[in-house]
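All residue numbers in this chain count up from 1 along the given sequence.
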Amino acid sequence: MKLFTNKNQRNAKLLRSAAIGMTLLFFGSLVLISDPVQSILDMQLTLRPGTLMYALWLFPPLDVYINVYIFNYTNVEEFMSGRATKLKVEEVGPYVYKEVLSNHNVTQNEANNTITYTPRREYIFAPERSIGDPMVDFVRAPNIPLMGITTLASGLSMFASLGLGALTRQLKAKPMLNLTVHEYLWGYEDNLVQLAARFVPSWIDFSSFGIMEKLFREGNESNVFNMNLPEPRDRYGIKLPDAPRAYTVDSINYERGFKRWQYDEETNGTLCNRIWGSHDGTLFPLDMDENDEFFLYRRTFCRRLHVKFNQSVSINGMDGLQFTMPPNAFDSHLDDSNSSCFCKNNKCLKRGVGNVSPCYYSMPLAITYPHFLHGDPSLLEPFEGLNPDESRLTSYFVVQPHLGAPMHGTHLRLQANQVVGKVNFNRDMSPFENMVLPLLWVDLNVDEYCWPLRYLIHGIKWAFPLIEWGAALGMLMAGIYHLCAALMLCFWPSNKQQFHKVDQAELGTTVQVISLPVGFRKSSIPSSMQLELEEQHQLLFGPKA
């Protein structure tokens, strides 16, 4: 009975090892073939409620800062009196503001694979990064409302121009203002603006004016974005043809183009006046590569900015795709359908100067690279103190390919300018005629990621695949081990050889019989012991032949 039990145990062990080995081999192979880590990432890195990407997009954990550099005019009186031939400007800054973004009123549109939302941006002063206190520091800067209205008045009749000139003298409006940095950026009371708001409220609907207030904060809580979700695919994982690119803007405030730039809905417009197809700068497709180029849109630009791939970079051990804007990003030409819409009344601004006046109450404002970098050389001639240093002022946009988000190394550098045209019947404004006056330039930059984001990116790139491969290989090796053990049990030596290795304590006197000396005679063994030994011999080796 003892031997029968051991045989059953051996067979059970063989079956168990074989079953475990086959199971481990199956699951190890399944992990390698199906790539469950990538499947989980694909599920979590899409913009659907309940996913990781959705939570990150609602309240982006990115530290975005706007460094503001103001141009302080230091010899205004000398220039206006004719004693100086050039305006001296001094770059003052940075005054740094943190931009906090959140997305609200989110609606998933399953019918057309889009998502509708309202982005809100708050701006918080960062004193630890700033050069001074904007509430205390003063600057001398152009009077934007006066210069704008004076330029617009050049197209009016002589009597209207004379009347406007008399009105500005009555209000004691001066071409240059002495204001605190905070007032200049975020709003100050202006008599001319208040008067315009009273008499033409359909045109001017505000009573105070601040350049950063108009460029960045205005309309923050009212713009409704409609954005395309990742492209639908067929059952084989291939993108459907003609599907919009993932995370591109479909419309803003239910308009797919800039009506101020003569967008035609029937023809879908041109590259000059489209909104659709651009990115808002917060989320990008996860399949971007070195052949990509795209358009950035923010209301501040009053246009889409063309961005092209420059190089692959590594920042703090994280991969990034670096993009730059071309030198001619703000050029406009009447014979180019992709930029002619920026030319008003068949007149284009100088090379490197982009018109943005339709987005800012028709006031003659323009966008350029800082210090007129890549602009017409004549833009620099009226000034002292401008230095278009390409190494310092070039814009870079860096996308983290695993998350599709902007990352550290992003520096979007742009300058706001006052365009002064023809001046009629205003002696104070005459010295500034036909000039483009720099107001300020900003550097939108992304700080280093917080540690959870860094760990997530390193996990996506290294840790998660290593864990997956380690688990798969571990299961495969363990499965092979168990199958080998089952084979060894299956082809183990015969019972006769095997029982020579049985524990001495279990066999008792049987071991003693096997190990008797050769010269020991059987006749010398007592008959009772001979009978016992013969029975044990039969049990071990079977009956004699």
Suppose we call two aromatic rings close when their centres sit under 6.0 Å apart. Are F216 and Y97 close by that rule?
no
Can you tell me how far CD1 of I211 sits from CG of L185, rounded to the nearest 0.5 angstrom?
9.0 Å
The side chain to side chain contact (heavy atoms under 4.5 Å, CB included) partner of V249 among W276, F225, Y297 is F225
State the CG-CG distance between L305 and L414, to the nearest 0.5 angstrom.
6.5 Å
Hey, are the side chains of K98 and V64 touching, using non-hydrogen atoms and a 4.5 Å cut-off?
no
Is the closest side-chain donor-acceptor distance between D336 and S339 under 3.5 Å?
yes
Name every donor-acceptor pair, under 3.5 Å, that has one atom in a side chain of residues 309-316 and the other anywhere in the protein, sequence neighbours excluded.
unit_1: N310; atom_1: ND2; unit_2: Q322; atom_2: OE1; d: 2.6
unit_1: Q311; atom_1: NE2; unit_2: Q322; atom_2: OE1; d: 3.1
unit_1: S312; atom_1: OG; unit_2: E290; atom_2: OE2; d: 3.1

How about E265: does its CD atom have over 12 heavy atoms from other parts shown lying under 6.0 Å from it?
no
Can you tell me how far CG of L393 sits from OH of Y369, rounded to the nearest 0.5 angstrom?
11.5 Å
Contacts table for residues 121-129: side-chain donor-acceptor under 3.5 angstrom, sequence neighbours left out:
unit_1: Y123; atom_1: OH; unit_2: E99; atom_2: OE2; d: 2.8
unit_1: Y123; atom_1: OH; unit_2: R298; atom_2: NH2; d: 3.4
unit_1: R129; atom_1: NH2; unit_2: D447; atom_2: OD2; d: 2.6

Exactly one candidate in R413, Q415, E91 meets side-chain hydrogen bond (donor to acceptor under 3.5 Å, both in side chains) with H371; the answer is E91
N/O donor-acceptor pairs under 3.5 Å from side chains in residues 450-463, not counting sequence neighbours:
unit_1: R454; atom_1: NH1; unit_2: Y449; atom_2: O; d: 2.5
unit_1: K461; atom_1: NZ; unit_2: D319; atom_2: OD1; d: 3.1
unit_1: K461; atom_1: NZ; unit_2: D319; atom_2: OD2; d: 2.9

Between N253 and N223, is there a side-chain donor-acceptor contact under 3.5 Å, judged purely by atom types and distance?
yes
Approximate separation, where rounding is to 0.5 Å, of T324 OG1 and H306 NE2
10.0 Å
If you count heavy atoms of other groups shown closer than 6.0 angstrom to NZ of K308, is the number above 12?
no
Scan side-chain atoms only and decide if T248 and N228 contain a donor-acceptor pair under the 3.5 Å cut-off.
yes
Does one side chain, of N417 or T368, offer a donor that lies under 3.5 Å from an acceptor on the other?
yes
Check step by step if side chain to side chain contact (heavy atoms under 4.5 Å, CB included) holds for F383 and F71.
CA-CA 11 Å; F383 302 99; F71 291 103; over 6 Å; no
In short, ring pair (Phe, Tyr, Trp, His ring centres under 6.0 Å) pairs touching residues 395-414 with sequence neighbours left out are F284-F397
Close side-chain approach of F295 and L271, heavy atoms under 4.5 Å
yes
Do F323 and F294 have ring centres separated by under 6.0 Å?
yes
Going by side-chain contact (heavy atoms from CB on, under 4.5 Å), name the residues that satisfy it together with T51, two or more places apart in sequence or in a different chain.
Q44, T46, R48, M53, Y54
Do the side chains of R245 and D292 get close enough for a salt bridge, i.e. N-O under 4.0 angstrom?
yes
Under 3.5 Å donor-acceptor pairs involving side-chain atoms of residues 351-359, not counting sequence neighbours:
unit_1: N355; atom_1: OD1; unit_2: S357; atom_2: N; d: 3.0
unit_1: N355; atom_1: OD1; unit_2: S357; atom_2: OG; d: 2.9

State, without any angle test, whether N226 and T116 hold a side-chain donor-acceptor pair at a distance under 3.5 Å.
yes
Under-4.0 Å salt bridge between E77 and R140
yes
Using a strict threshold of under 4.0 Å (side-chain N to carboxylate O), is an ion pair present between R299 and D280?
no
Looking at P438, S378, P377, which one forms a side chain to side chain contact (heavy atoms under 4.5 Å, CB included) with F372?
P438
